Protein chains: 2
Amino acid sequence: MGGTRREPAPAAPLLAESTAWLLNGAAREVTLRFERALRGDELRWRDYGVLGVLEAAGSLSQQEIGRRLGVDRSTMVHIIDVLEGRGLVARGRDRADRRAYAIELTEAGRAFLRDTLHPLTAEVHEELIGGLSAEDRAHLDRILALLASPGAGEERTM
Amino acid sequence: MGGTRREPAPAAPLLAESTAWLLNGAAREVTLRFERALRGDELRWRDYGVLGVLEAAGSLSQQEIGRRLGVDRSTMVHIIDVLEGRGLVARGRDRADRRAYAIELTEAGRAFLRDTLHPLTAEVHEELIGGLSAEDRAHLDRILALLASPGAGEERTM
DNA sequence: TATTGTTATACTCTATAACTATA
DNA sequence: TATAGTTATAGAGTATAACAATA
C-alpha cells in the first residue's frame, strides 16, 4: 500500500503492449462477440468448429473431427450428442469400419451453416475488421496463418 | 489444418479460412507456447497477466486487478493466494480503505518479471514472429490493438 | 446501504481410465 | 492386440450468493 514504486523505464516491453497479449485480447473479443450473437441458438464456438470441419471435409469419424480440432474423443461424444440432438449432424455408420461413426451434416445442418452461421461470421467480421482496408485484411490473414500454423508440426487446437 | 485439399471456393467463406478462426488459432498457439515454456514455474498465462498489470499500474486492490483482466473478485482470491504463496506479490493494507488490500509486487516478483517472464515473452515472440519484418510486426500490432479494444465500451477480458 | 474480501457451492469444459464392440 | 465410441469420474477454472468487516 504505502510502497512508493520507482518507475524504471523497462527495457522489456510492458505486457499490455506485447503482441501475445493483444493477440489474446483480439481472439477473446472475436469469440465473445460470436457467441453472444449465437446465444439464441445456444451454440458455442466449438460447435461451429465441428460444423465447419464437416462442411470442409465431408463425413468424418468422431475421433477424426476431434483430432482436427484438438479435442479428445471422449469430449467429442458430448459435442456430437448436442449437435445430433439439434438435428444438425447425423451419426451414420461407416461401412468399412463398423466401430466408427460417419458423422455428416444433415440438410438442416447445411442450411444452418448457409443461412445463419456464415452470415453471422460475415457480420462479426464486418463489425471487427470492417474499418480495415482490403489490403490490411489480407495482410492480417497472412500473418495470422503464419502464427496459427507452427512449423514445429504441432496440432492445431481450439 | 487439413492436408492438401483443393476445393472450389464456396460463396460462403470456409470457417478454416476466416480471420476469426485464424485469430483463435494464433492466440491459442501463443498461449500454449508460453505456458509450455513456463511449465517449470507452474505459472499460467493468467498469473502473468496479474503480474503485468501490477507492474504497469503499481499497487491495486484485488477487485481492481480483476476488473482490468475481466476476472471475478472471488476468482482473484485464489489467484492472489497462489502468487502470494510464491512470494511474488504481497497483500499490503490500503490505509485509505481498510476493506481493501493493496496488492503489490514484491522484490522477488519484480525480479521474476525482469529475469524470467519478460525474456521468455521476448523469446516466444521471436519464435513466432521472428520471421516477420519490422513493418509486418508494427502492422500486426496496430491491427490487433484495434480488434482488442472494442469501440462498444466493453471490458477487456482474458 | 454499499463495497472488499472471503467462503461455499455449482456449473462448464475437459481429460484419463476402464468398458464394449469391433478390427 | 489395437482401435472407435462410450461411460464414469476427476480436475481445472470460473461464477453466483451469502457473510464479515468496513465505508
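Bear in mind the structure is a predicted one, so any value in this text is a computation, not a measurement. All chains are named by letter (A, B, ...) in the order of the sequence lines, taking the proteins before the strands, and each is independently numbered beginning at 1.
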B:R46 atom CZ is separated from D:dA15 atom P, nearest whole Å, by 10 Å
Does B:T106 reach the main-chain N or O of B:G87 with its side chain, forming a donor-acceptor pair under 3.5 Å? yes
Taking CZ from A:R67 and P from D:dG5, how many angstroms apart are they, rounded to a whole number? 13 Å
Are B:D81 and B:R91 close enough for a salt bridge, meaning some N to O gap below 4.0 Å? yes
Atom pair distance, as rounded to whole Å: CD in B:E64 and C1' in C:dG5: 15 Å
Is it the case that the side chain of B:E35 and the backbone of B:W45 share a donor-acceptor pair, with hydrogens and angles ignored and the cut-off at 3.5 Å? yes
Can you see whether B:H118 engages B:E123 through a side-chain donor-acceptor pair at a distance of less than 3.5 angstrom? no
Within residues 92-104 of chain A, which residues have any heavy atom lying less than 4.0 Å from an atom of DNA chain C? A:D97, A:R98, A:R99
May I ask you to check whether A:T121 and A:Y48 show a side-chain donor-acceptor distance below 3.5 Å? yes
Please state how far atom CD1 in A:I80 lies from atom C1' in D:dA4, giving the value in whole angstrom units. 13 Å
For A:Q62 and D:dT3, what is the distance between atoms CD and P respectively, to the nearest whole Å? 17 Å
Contacts to DNA chain C from residues 81-91 of chain A, heavy-atom cutoff under 4.0 Å, which residues? none
B:E104 and B:L60: side-chain contact (heavy atoms from CB on, under 4.5 Å), yes or no, with the steps? CA-CA 7 Å; B:E104 359 186 273; B:L60 296 172; over 6 Å; no
Is a donor from one side chain sitting under 3.5 angstrom from an acceptor on the other, for A:D94 and A:S61? no
Hey, does the side-chain of A:S74 have a donor or acceptor N/O within less than 3.5 Å of a partner on the base of C:dT14? no
May I have the distance from A:D72 (atom CG) to C:dA18 (atom C1'), rounded to whole angstrom? 14 Å
Roughly how many Å is it from CG in B:L60 to C1' in C:dT3, rounded to a whole number? 17 Å
Starting from the 5' end of DNA chain C, give me the residue, B:H78 or B:Q63, whose nearest nucleotide shows up first. B:Q63
Say whether, by atom type as modelled, one donor and one acceptor occur between the side chain of A:R93 and the main chain of A:A102 under 3.5 angstrom. no
On DNA chain D, more 5' by nearest nucleotide between B:I79 and B:R73 is B:I79
Salt bridge flag under 4.0 Å for residues A:D72 and A:R67: no
CD1 of A:I65 versus C1' of D:dA4: gap in Å, rounded? 13 Å
Checking all strands, does B:T75 fall into the base, sugar-phosphate, or nothing category for heavy-atom contacts under 4.0 angstrom? base
